[in-house]
Amino acid sequence: MANGQANGQWFPQDWPERIRALADGTLTPVTPKRAATVMLLKDPRDGGTPVVHMLRRRASMAFAGGAYAYPGGGVDPRDDDRQVRWAGPARAWWAERLGVDDAAAQAIVCAAVRETYEEAGVLLAGPTPDTVVGDTTGDDWEADRAAVAARELSFAEFLDRRGLVLRSDLLGAWTRWITPEFESRRYDTWFFVAALPEGQRTRNASTEADRTVWIRPAEAAERYDRGELTMMPPTIATLRQLLPYGSAADALAAAPARDLTPVLAEARLAEGEIVLSWPGHGEFTKHIPTAAGGGPA
């Protein structure tokens, strides 16, 4: 991979070629897969602004290797077709909020909760609609988590086995990004915010990450700007969006008013170069020569 700026923006080497192919009609866009990711927040005991849980993708990963991200992943198709134990706003409310139908809304919310459990060991569920589990450690929990991660056990089956209800009210829908049309791996990703439940703690349970950190968004953004932390555009954009909030509760309270219009990169030809931009996010704009072999500027 290569960085096109003096910061930590992840920029794949094959993007210019793929953008040119898309522009001249020789590249057919891949249909994006639905996905969800969660910005897990907590308020430090020593006070100050909240910290967010991030993981670093292994350098060997084909997609965004070495980049910092949040727990997340693709929707499990089984989450569409079976009613899961559910608390919080109704599926119809989530469908309107997320801009999808009821079944898709359930699957996306399930993906957010499931992936947070799979990759961070944190479970946004409880035995009743107004409680949440306080500890998810131990061999029996780990066996279930591993089975869910391996898709041997659906999330609905896991909740049934444990007698738990999914706490959709502990999530706040924050933003939605769709992978650019010229990418070979594409995702339609909903970003959520959530607060770390009392009594639970995170751990690196992901096979795709080599480390995890709790970090203040301001510090992470500063280290990105210095080129010390590599991130994809949605990650650094959402970090900057968290800066105004003084607590995890403040961020959650702000979520319902957030605009979920999808952010999708645009590529256009202008004066002998391709201009790559993300609407509303000028810092990511790239100027790519149209001649073969040119790189990002």
Side-chain angles (χ1 to χ4, degrees), residues 1-39 54 57 61-70 72-75 98-100 104 108 111-112 115 173-192 208 221 224 227 229-241 258-297:
M1 68 179 178
N3 291 334
Q5 298 179 6
N7 57 17
Q9 185 176 342
W10 182 74
F11 193 96
Q13 292 177 333
D14 67 345
W15 269 14
E17 180 181 353
R18 295 184 65 85
I19 291 170
R20 293 185 198 101
L22 181 66
D24 64 23
T26 60
L27 175 68
T28 301
V30 174
T31 300
K33 298 178 180 179
R34 293 173 301 166
T37 191
V38 177
M39 298 179 284
M54 303 190 76
R57 293 173 59 82
M61 297 294 293
F63 182 77
Y68 280 77
Y70 313 112
V75 163
L98 302 178
V100 296
I108 293 162
E115 289 287 341
W174 192 260
T175 191
R176 179 183 179 184
W177 286 63
I178 301 177
T179 309
E181 291 183 332
F182 46 81
E183 253 292 4
S184 56
R185 295 179 178 87
R186 299 192 66 209
Y187 298 94
D188 185 352
T189 305
W190 284 262
F191 286 71
F192 295 84
E208 298 180 354
Y224 165 89
L229 299 184
T230 300
M231 300 178 204
M232 293 179 283
T235 309
I236 181 59
T238 48
L239 276 174
R240 298 200 199 283
Q241 290 162 358
R258 295 275 310 169
D259 182 7
L260 293 187
T261 302
V263 179
L264 174 64
E266 300 174 347
R268 60 183 175 85
L269 292 171
E271 299 181 358
E273 64 182 8
I274 297 169
V275 180
L276 173 61
S277 61
W278 279 258
H281 300 273
E283 71 170 296
F284 306 128
T285 300
K286 298 287 185 183
H287 296 266
I288 303 165
T290 55

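Computation of the quantities below employed the complete heavy-atom set of this structure, encompassing side-chain atoms and omitting hydrogens, waters and symmetry-equivalent molecules.
Applying the side-chain hydrogen bond (donor to acceptor under 3.5 Å, both in side chains) criterion to W174, with sequence neighbours excluded, gives Q241. Take V30 and apply the side-chain contact (heavy atoms from CB on, under 4.5 Å) test, not counting sequence neighbours, and it matches R186. Scored by the side-chain contact (heavy atoms from CB on, under 4.5 Å) test, A173 finds W94, R97, L98, F192, L260 as partners (sequence neighbours excluded). T28 pairs by the side-chain hydrogen bond (donor to acceptor under 3.5 Å, both in side chains) definition with nothing, not counting sequence neighbours. When the side-chain contact (heavy atoms from CB on, under 4.5 Å) test is applied to T261, the partners found at least two apart in sequence or on another chain are D259. Looking at residues two or more places apart in sequence or on another chain, you find a side-chain contact (heavy atoms from CB on, under 4.5 Å) between R18 and D14, L27, F182, S184. Applying the side-chain hydrogen bond (donor to acceptor under 3.5 Å, both in side chains) test to E181 and every residue at least two apart in sequence or in another chain returns nothing. Shown here are the ring-ring contact (aromatic ring centres under 6.0 Å, His included) partners of Y70, two or more places apart in sequence or in another chain: there are none.
To the nearest 0.5 Å, the span separating OH on Y224 from OG1 on T230 amounts to 9.0 Å. Here the CE atom belonging to M232 is positioned 12.0 Å from the CD1 atom belonging to I236, to the nearest 0.5 angstrom.
Closest heavy-atom contact between L276 and A265: CD1-CB, 4.0 Å. When all heavy atoms of P233 and F284 are compared, the closest pair comes out as O-CZ, 3.4 Å. Scanning all heavy atoms of the two residues, the minimum distance from L22 to P29 falls at CD1-CG, 3.9 Å. Residue T285 comes nearest to S277 through the heavy atom pair OG1-CB, 3.9 Å, listed as atom of the first residue, atom of the second, then distance. Across all their heavy atoms, L264 and P180 have their closest contact at CD1-CA, 4.0 Å. Between E115 and G72, the shortest heavy-atom distance links the atoms OE1-O, 3.2 Å.
In this structure, M54 and T235 have side chains that are in contact, with non-hydrogen atoms separated by less than 4.5 Å. Under the 4.5 Å side-chain criterion, counting only non-hydrogen atoms from C-beta, Y187 is not in contact with T37.
T175 places no side-chain N or O within 3.5 Å of a backbone atom of F191 that could act as its donor or acceptor partner.
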How far apart are the C-alpha atoms of V100 and W190, what are their side-chain angles, what is the distance that settles it, and do they pass the side chain to side chain contact (heavy atoms under 4.5 Å, CB included) test?
-> CA-CA 11 Å; V100 296; W190 284 262; 3.8 Å; yes

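Residue pairs meeting the salt bridge (Lys or Arg N to Asp or Glu O under 4.0 Å) criterion with at least one partner in residues 26-36, sequence neighbours excluded, are R34-D80.
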